[in-house]
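Accompanying notes for the structure given below.
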Amino acid sequence: MMTPLTKIQDVTKELKLSDFERGELRNRLLSYIEYHPVTATSRTYSIFSSFLRALIHHPYAVAGPIAMTILTVSLGTVSYIAEYSNPGDTLYAIKVGVNEPVLSKFATSPYEKVEFETKLLERRIAEAKLLADSGKLTKEKEKVIAEGIEKHTKEISKNIDTVRESNESDANMMQISLTSTLSAGDSVVASITEESSEAGTAIKETVKNVQGEQATKQGKDTSETLKKTIAQIETELTRATELKGSISTSLSNEAQDELTQSILVLGDRAKTLAASSTTYESEALEDAACASSSPEISTSTPQSVDVFFCKTARDAKTLLVDVKKLIISMTNKQLGSEAPLDMGTSTVAKTPETPAATSTETNKK
Amino acid sequence: MDFLYVFLYNDFHLMAKPLGTTNREEKGSHEAQFIEAFDAHSDALFRHAFYRLSDRERAVELVHDAFVRVWTYVRNGASVESYKALLYKTLSRLIIDEYRKRKHVSLDEILEDATGEYQPPSLHTGSLEEYEHALDSKQVLTILPRIHPLYHEAVSMRYIDEMGPKEIANILQVTENVVSLRIYRGLKAIREIIEKEELQVEDNRNTNKS
């Protein structure tokens, strides 16, 4: 019997998420919300609507809002232009001396400060790449950027120490994130010094120094830290997608397609890791001692759950570095670089190994 | 003093931050509204994704991704007038990315605006109504994935998601005229595929007889 199109709901209404699917989705989202809470109330207003609001609530003070609006528009314009400046430009002093310190005041919690300072650290690295690509990276500008990298790394580290007093696993995750940013930065700076042996040496040295300092602060890999790292990867991927939107007009169609593909591949890797991480719920892994290098995983002989866990933890860190590299590259583009985007060399999907057999060492307790 | 704002550029976006602190109650209500939106729309979103992708697992994943993206948007301070519209908008973009990943269709082809000089009949003229009553829903559902993605999207939203042209236009950020045109062309394309297949069956039957 035919069901006309106007009655298509009679056919489609039966299709819905199963109870299991809905429950699992809901739990995943609740978990995501827990790790990514609303940070601050900030609303994007047009300058005009803010002025209207002031007029409506305080109509007696007409001259005040008008003067304020003119001042705001002027300062806003300067502030806007300064955002695109680089070391050596006239407005760079406003960018680092006014915009950034004022914005940092609105980051009230150590979590927000770490997030904010990390973005500034990525910006410094992107500025170095931009200047190097355009042949404008002088010794003086290198010094300015190197000092910025050191300053932001110190700020991040200080706030991580504050978080560590109340939440060890959050602090560990933030330390991983900082290490990943510095690794991504090291890779970007290495490409600068490859092209020219003189340019970028001061920045390279600074990055190596701060990396060395931070390496001693790395905590243990636990299943809790792994989950938080994966949540952080998802946040960074969302950031990458938003950044893509802001630079798409300056990219060719092919570059846009390639960028979308890169983000999708990184997203697939993240999903695979997330699926693997649910295997490691055992508390016994709290004491897993993960070595710095990745052992060869043989599928022919049973491996301990610890070995697979450590490999998953390392894969998560590698993925975070890859996402950060892409973000730095897109930040570079946002600052006005004409160089092509660096999509990263390790964006090929990697499937983490899964435990081949249960281990006799699953319970160390 | 709630009119006192500081205008700043953060990450190349203009922001106006009130000179105050965060509102705990407002934070709590964000989560509640978000989960409410999940409970209200997850099934419909899943249905929409499934009929566009014909892949249950991917449809579930994309629904998850859409909610994650919308939460990030909310988390960064944006106010949401309609969760439904925003979720559909986000999901549609994810589905487009999925098409590109699968079929390597160029961005231009997917986002090609289907407006032309032809002015479509309104939804109350004979030809569209004729399609609505002459086409069988089950047949339409199997053929939908074979028509142009833009028409597929509009037809799905109109008949499966039961949205009006105005709502669809708001989600897709096009005019109502464009929505009507895509729906009409989508149904016409489906009708043509059905007629072609019926002719094929007829031809095969005649060939077997002879």
Side chain to side chain contact (heavy atoms under 4.5 Å, CB included) between A/Leu5 and B/Asp136, intermediate numbers included: CA-CA 6 Å; A/Leu5 202 52; B/Asp136 176 38; over 6 Å; no
Scan A/Thr235, A/Thr238, A/Thr241 and name whichever one has a side chain to side chain contact (heavy atoms under 4.5 Å, CB included) with B/Thr72.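 So the option named by the test is A/Thr238.
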Check whether more than 12 heavy atoms from other residues, nucleotides or ligands sit under 6.0 Å from atom [atom1] of [X], and answer yes or no.
X        : atom1 : answer
B/Lys89  : NZ    : yes
B/Tyr73  : OH    : no
B/Gln173 : CD    : yes
B/Arg56  : CZ    : yes
B/Glu57  : CD    : no

Which residues from residues 60-67 of chain B are near chain A, with near meaning under 4.5 Å between non-hydrogen atoms?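 Listed by number, the contacting residues are B/Val60, B/Glu61, B/Val63, B/His64, B/Asp65, B/Phe67.
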What's the spacing between B/Arg75 CZ and A/Ile33 CD1 if we round to 0.5 Å?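 These two atoms lie 11.0 Å from each other.
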On a heavy-atom basis, which atom in A/Pro4 and which in B/Ser137 lie closest, and how many Å separate them?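 Nearest pair, atom of A/Pro4 first, then B/Ser137: O-OG, 3.0 Å.
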Is B/Asp39 salt-bridged to A/Arg22, going by a charged N under 4.0 Å from an acidic O?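 Result for this pair is no, no salt bridge flagged.
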Given that the side chain runs from C-beta out, which part of A/Leu264 has a heavy atom under 4.5 Å from chain B: side chain, backbone, both or neither?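 Answer is side chain: those atoms of A/Leu264 sit under 4.5 Å from chain B.
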Can you give each donor-acceptor pair under 3.5 Å made by side-chain atoms of residues 8-17 of chain A, sequence neighbours left out, with the distance rounded to 0.1 Å?
residue, atom, partner, partner atom, Å
A/Gln9, NE2, B/Ile160, O, 2.4
A/Thr12, OG1, A/Ile8, O, 3.4

Just so I know, are the side chains of A/Leu29 and B/Trp71 near enough to count as touching, which here means a heavy-atom distance under 4.5 Å?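 No, their side chains stay 4.5 Å or more apart.
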Specify which of A/Glu24, A/Glu21, A/Glu234 makes the most heavy-atom pairs with chain B at under 4.5 Å.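 Ranked by heavy-atom pairs under 4.5 Å with chain B, first place is A/Glu21.
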